[in-house]
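First comes the structure, then the notes that go with it.
All chains are named by letter (A, B, ...) in the order of the sequence lines, taking the proteins before the strands, and each is independently numbered beginning at 1. Only this structure's heavy atoms are used, side chains among them; waters, hydrogens and symmetry mates stay out.
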There are 2 protein chains.
Amino acid sequence: MSAPKLLLVEDDLALAELLEYRFENEGYEVRVTADGDEALVFASEDAPDLVILDWMIEGTSGIEVCRRLRRDKATAHVPIIMLTAREAEDDRVRGLETGADDYVTKPFSPRELLARVSAVLRRVRPALAGETIEAGDMKLDPVAHRVERRGRQLQIGPTEYRLLKFFMEHPRRVFSRSQLLDAVWGTGSEIEERTVDVHIRRLRKAIALDNSRDPIRTVRSAGYALEPV
Amino acid sequence: MSAPKLLLVEDDLALAELLEYRFENEGYEVRVTADGDEALVFASEDAPDLVILDWMIEGTSGIEVCRRLRRDKATAHVPIIMLTAREAEDDRVRGLETGADDYVTKPFSPRELLARVSAVLRRVRPALAGETIEAGDMKLDPVAHRVERRGRQLQIGPTEYRLLKFFMEHPRRVFSRSQLLDAVWGTGSEIEERTVDVHIRRLRKAIALDNSRDPIRTVRSAGYALEPV
DNA sequence: GCCCCATATGACGGAACTGCGACAGTGATA
DNA sequence: TATCACTGTCGCAGTTCCGTCATATGGGGC
């Protein structure tokens, strides 16, 4: 369900297979292609959580794939790890310049790549690394898609779940309604800002227990924030 | 809202677009232009919090833009980061001489530039980098939208919050009523100057504690200033 | 001490904002 | 088909907040 989705762009078939096997073993969902254009199609079809991109591929070059991923709003924020040959210092510079988040030089051990992937995911979105997030007396398990408070399991709808997850990933921080719309509903959603209020109310109701303080703070004229108890 | 506003002056369109995405992703508000004269217009229209300035642009040169920004009182204090070619050591020297705050040599990674921007903002206006600002016995957390004094939480309304934040960013300095109107209410607000007095009173009341000195100083026929205890 | 002028204070009507209940539309399920 | 859970929107009510005014207070020059 919430296994992190990787897109692997690699034209060395043996290496690609090896990595696919290793990553799937670690609980990732992997999609592989050797072709740059196909990579872009895959990425726009079903946005991956992270892209592993070989710099030297046939068709559209790595650098071009990287640039186009960044240009498309839907994939602009997807982290990219690039694979480069050791000598190609120049590529590395251009890679980072184009917006790659990290790079690994060939030859590398699959373990090293696994570690990098895990590190980048943890930095970008902790929940994707498969870790449960805790905030005060609440615990959210992104893998099982479950939320509990004080050991009690909460019944919670899809939107409220995403909303709560986002709040728990950034506790204490105040978000405006439009920021929440971008983060939870997706950028460019054309939804009334007041609708956020309604879901906040639904979320409050869903996480309420007997004699428990409401952990969601309303900041007048600014937005909402989660205050862990 | 409180997203730092950047003005990016860059005539390499691909690079400009890339940076725009990255910075917007990080929560900045970005305005882009390739033209030096237009940059000056933008800057005077809506003062940015920081300017990223390519040294080699068409029209009015980077150095000239920098100099004029410094000359105009409204933008004299805005920090400037310049982008230079690696070889152009000469430019770097002249840039710093002209008043740039930092420079980044091409080629660079977006991450590096992000780090520089964040560092400069932290130095110049900590609240913009999301850091808590302290003044005397008061502490303001712009991310959580909270103010405390001597460890005690203060209850404070939206306008008083903005007013206090502005004062805490510029302690000990005296501001006239019209300066405060520009800074806190926004330029072009058509509000009676006397109204400032009222909000000053409300702010004083909001931050008052038992047996604590009033940290806001009234400067007769000049304005108000915050005197940290 | 007295007067003038800038500031402080209290009050008030209206605007802005949030919480709440309700409702229709949608898609999934049985 | 009927049911159910979920979503987005609306209008209303309660509350807070805002800008303005009239009036009181106080400091400084004479």
Worksheet item: If only side-chain N and O atoms of B:Arg194 are considered, is one of them under 4.0 Å from the OP1 or OP2 phosphate oxygen of C:dT7?
Response: yes
Worksheet item: Taking CD from B:Glu190 and C1' from D:dG19, how many angstroms apart are they, rounded to a whole number?
Response: 14 Å
Practice prompt. Would you kindly give the CZ-to-C1' distance between A:Arg201 and D:dT9, to the nearest whole Å?
Written response: 12 Å
Worksheet item: With a non-hydrogen cut-off below 4.0 angstrom, is A:Thr218 in contact with a base, only sugar-phosphate, or nothing?
Response: sugar-phosphate
Worksheet item: To the nearest angstrom, how far is B:Ile200 atom CD1 from C:dT7 atom P?
Response: 11 Å
Fill in: Rounded distance (Å) that lies between atom C1' of C:dA8 and atom OH of B:Tyr224
8 Å
Worksheet item: Would you call B:Asp141-B:Arg146 a salt bridge at under 4.0 Å N-O?
Response: no
Practice prompt. Could you check how far NE2 of B:His199 sits from P of D:dC17, rounded to whole Å?
Written response: 11 Å
Worksheet item: C:dT18 P sits how many Å from A:Lys205 NZ, rounded?
Response: 21 Å
Worksheet item: What nucleic acid atoms does B:Ser221 come within less than 4.0 Å of, heavy atoms only: base, sugar-phosphate, or nothing?
Response: sugar-phosphate
Worksheet item: With a non-hydrogen cut-off below 4.0 angstrom, is A:Glu193 in contact with a base, only sugar-phosphate, or nothing?
Response: nothing
Worksheet item: Rounded to the Å, how far apart are B:Arg204 CZ and C:dT9 P?
Response: 7 Å
Worksheet item: Salt-bridged, B:Glu160 to B:Arg202, with N to O below 4.0 Å?
Response: no
Practice prompt. Using a cut-off of strictly less than 4.0 Å, decide whether B:Trp185 has a side-chain nitrogen or oxygen near OP1 or OP2 of D:dC18.
Written response: no
Worksheet item: Salt bridge between B:Arg31 and B:Asp46, side-chain N to carboxylate O under 4.0 Å?
Response: no
Worksheet entry | NZ/NE/NH1/NH2 to OD/OE distance under 4.0 Å, B:Lys5 and B:Glu29 | no
